[in-house]
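Right, one structure below, let's go through it.
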Protein chains: 2
Amino acid sequence: MALSDYFIRFLERRDKLSDEERARLADITTERKSFASGDVIVAREVVAERSCLMLSGMSARIHVLPRSKDRVITALHVPGDFVDLHGFVLAGLAHTVIAMGPAEVEFVSHDQLRELTNEWPHLTRLLWMSTTIDAAVHRQWLVAAASLRSSAHLAHLLCELYTRLNSVGAAQDHRYILPLLQRDLANILGYSPIHINRAVRDLRERGLIRWSGTEVQILDWPGITALAQFRPDYLDLEQLNR
Amino acid sequence: MALSDYFIRFLERRDKLSDEERARLADITTERKSFASGDVIVAREVVAERSCLMLSGMSARIHVLPRSKDRVITALHVPGDFVDLHGFVLAGLAHTVIAMGPAEVEFVSHDQLRELTNEWPHLTRLLWMSTTIDAAVHRQWLVAAASLRSSAHLAHLLCELYTRLNSVGAAQDHRYILPLLQRDLANILGYSPIHINRAVRDLRERGLIRWSGTEVQILDWPGITALAQFRPDYLDLEQLNR
DNA sequence: GGTTCGGCTTAACCATTGTTATCCTGCATC
DNA sequence: GATGCAGGATAACAATGGTTAAGCCGAACC
């Protein structure tokens, strides 16, 4: 199949594409696939031969710990994200990508990316940009981990996910579907599942959120962003010439 | 001046360069500058016009927190690191780069990088790679933050820095100069300075390290890597075709 | 050589987070 | 509708980390 519009919109939100560039992107062929919750989308391997884009649902990069059998989640991906594009230039991925809830993705072969990057420098810089935005999110997670306490830390994640989902049109009205268990949130934020539960209760009691099942609703956006000290600058949502 | 050898060696450690590519890199002109401890090397700004490479010493990316006047360090850089290359493709950097101890750097203009990336796709992918290795380090810091307790967490940082310094020839024999205060370590790991001190004492009492002033010596490499669950895979020190 | 200062060290006490255990609820299954 | 089960909620207690305060030590300065 042809490359979906999602990623093209992700790029166009941040820079201008020429007609030729848009046509060149549309020439990319992809393989689409659906996954059930918990399925492995990308296995940890020595050298990857393709990378994947989210079409719907969410996925997570998980790092399995040597001893404790537990795992840490270092990234969450929403529709439009080029999940493991960094695998195109890296020797090996130290992580696995799994579906959080039902998810659809499309795979692009690295051969095609190599051809594209050999001839389209501006598009190459935009692909590169998408991996550096990922890194900016990593840094913000580090800042949040170092500076926020449990409730505020959880609140920061909720704010980020709403902002990212909203920016690709996958959420409105401060509501969204969050297909994560409290155990998963514990693996993201580095707390015990019980403590995540305490943080959820705290946010509820402050009147900031409503949360049942997989549906999250933010009741007080100014309040929760203030608690989380959330500033969306790092998501790089500006349009520029790159 | 011409681009220093440091970064070229960083690349050659990971992929092969043709003679033409090596010559093209040597054509890059740079501006060298020295900084004293604490100096701002790269100020947070809307659009950067150049990026910097470490020649000697260390630097840190700091994120200033809105309220608490405190700051978080999300990355440390050693000689050979292209510190803020991601600023070449990102709209704005959410952080400042400062010198940790005396440091020498060289600046490369984005105009030159744009010219280079317009014509040298393989070199572009290698520059891209260097930013994705940064991101891999960010992820490992997230894993460490989520899964390790204070002593092990500090130990992990000490192992990583030795490995990185050693890989560029800036440290041998499990010793190195670490121009960081305990306060800085607190800003990296997200603990209070007092708790960093407890962790240092713990590592000393376990006979894993000797540490006085800015000189760190790792006495028991197998012991400390086991405590920190340190596996250097994520630093991507393999040679491959990219 | 005394003074000052910043950073390291330690201790006592308090706050946050982890652990273990139990119960509740909703859903799937039969 | 009884059963089993997974995930969420809660409580009691233990461990980890933060805060405040004070002493120590070496380098820089006069």
Side-chain angles (χ1 to χ4, degrees), chain A residues 36-38 65 67-73 100-102 144-158 177-206 209-217 227-228, chain B residues 36-38 65 67-73 100-102 144-158 177-206 209-217 227-228:
Chain A
S37 193
L65 298 176
R67 294 179 195 171
S68 67
K69 267 179 280 180
D70 218 359
R71 62 199 200 178
V72 176
I73 294 174
M100 307 305 279
S147 64
L148 301 177
R149 292 301 151 79
S150 52
S151 303
H153 195 178
L154 173 60
H156 191 280
L157 181 65
L158 297 178
I177 300 301
L178 183 64
L180 302 179
L181 303 179
Q182 294 190 349
R183 187 210 306 148
D184 300 319
L185 292 165
N187 291 334
I188 295 170
L189 301 174
Y191 298 103
S192 64
I194 290 87
H195 205 65
I196 293 293
N197 190 281
R198 289 195 267 248
V200 171
R201 174 167 41 155
D202 183 47
L203 295 181
R204 274 204 266 252
E205 284 173 355
R206 290 169 189 252
I209 61 166
R210 198 171 290 160
W211 189 338
S212 67
T214 57
E215 172 148 0
V216 174
Q217 181 182 5
L227 175 68
Chain B
S37 192
L65 299 176
R67 293 179 197 171
S68 66
K69 269 179 280 180
D70 220 0
R71 60 199 203 179
V72 176
I73 293 174
M100 307 305 279
S147 64
L148 302 176
R149 293 300 150 80
S150 51
S151 303
H153 195 178
L154 173 59
H156 191 280
L157 181 65
L158 297 178
I177 300 300
L178 183 64
L180 301 180
L181 304 179
Q182 294 189 353
R183 186 210 306 150
D184 299 320
L185 292 165
N187 292 333
I188 294 170
L189 302 175
Y191 298 104
S192 64
I194 290 89
H195 204 65
I196 293 293
N197 190 279
R198 289 195 268 249
V200 171
R201 174 167 41 157
D202 183 47
L203 295 181
R204 273 202 267 251
E205 284 173 356
R206 291 168 188 251
I209 60 167
R210 198 171 290 161
W211 189 338
S212 66
T214 58
E215 173 148 0
V216 174
Q217 181 181 6
L227 174 69

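Chain naming here is simple, since letters A, B, ... match the order of the sequence lines and numbering starts at 1 in each.
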CG of A/Leu203 to OG of A/Ser151, rounded to nearest 0.5 Å, is 5.0 Å
- [ ] Kindly indicate whether the side chain of A/Arg204, heavy atoms from C-beta on, has any atom under 4.5 Å from the side chain of A/Ile209.
- [x] yes
The side-chain hydrogen bond (donor to acceptor under 3.5 Å, both in side chains) partners of A/Glu215 (sequence neighbours excluded) come to A/Arg175
The contact string for nucleotides 18-27 of chain D, one letter per nucleotide 5' to 3', using protein heavy atoms under 4.0 Å with B, S and - for base, sugar-phosphate only and none, comes out as BBB-------
Overall bend of the helix from C/dG1-D/dC30 to C/dC30-D/dG1 (five pairs an end, 10° steps) is 40°
Identify all side-chain donor-acceptor contacts of residues 187-196 of chain B below 3.5 Å with residues at least two apart in sequence or on another chain.
{"unit_1": "B/Asn187", "atom_1": "ND2", "unit_2": "B/Arg183", "atom_2": "O", "d": "3.4"}
{"unit_1": "B/Tyr191", "atom_1": "OH", "unit_2": "B/Ser150", "atom_2": "N", "d": "3.3"}
{"unit_1": "B/Tyr191", "atom_1": "OH", "unit_2": "B/His153", "atom_2": "ND1", "d": "3.3"}
{"unit_1": "B/Ser192", "atom_1": "OG", "unit_2": "B/His195", "atom_2": "N", "d": "3.2"}
{"unit_1": "B/His195", "atom_1": "ND1", "unit_2": "B/Arg198", "atom_2": "NE", "d": "2.8"}
{"unit_1": "B/His195", "atom_1": "ND1", "unit_2": "B/Arg198", "atom_2": "NH2", "d": "3.2"}
{"unit_1": "B/His195", "atom_1": "NE2", "unit_2": "B/Ser150", "atom_2": "OG", "d": "3.3"}

Would a 4.5 Å heavy-atom cut-off, applied to side chains only, mark B/Leu227 and B/Arg206 as touching? yes
Criterion side chain to side chain contact (heavy atoms under 4.5 Å, CB included) on B/Leu178 and B/Met100, from CA distance to verdict: CA-CA 9 Å; B/Leu178 183 64; B/Met100 307 305 279; over 6 Å; no
Nearest heavy-atom approach of B/Ala228 to B/Leu148 is O-CD1, 3.6 Å
Here the distance between atom P of D/dA9 and atom CG of A/Asp202, to the nearest Å, is 13 Å
Within the sub-3.5 Å range, which N or O atoms of nucleotides 4-7 of chain D have a protein N or O partner, and how far apart are they?
{"unit_1": "D/dG7", "atom_1": "OP1", "unit_2": "A/Arg183", "atom_2": "NH2", "d": "3.3"}
{"unit_1": "D/dG7", "atom_1": "OP2", "unit_2": "A/Arg183", "atom_2": "NH2", "d": "2.8"}

| Heavy atoms, side chains only, cut-off 4.5 Å: are B/Leu154 and B/Asp202 in contact? | no
A/Pro179 and A/Thr214 have their tightest heavy-atom pair at CA-CG2, 4.2 Å
Footprint ends on DNA chain C, 5' to 3', for atoms under 4.0 angstrom from a heavy atom of chain A, come out as C/dT16 to C/dT20
(message) Quick one, A/Trp211 and A/Gln217 - any side-chain contact, counting heavy atoms below 4.5 Å?
(response) no
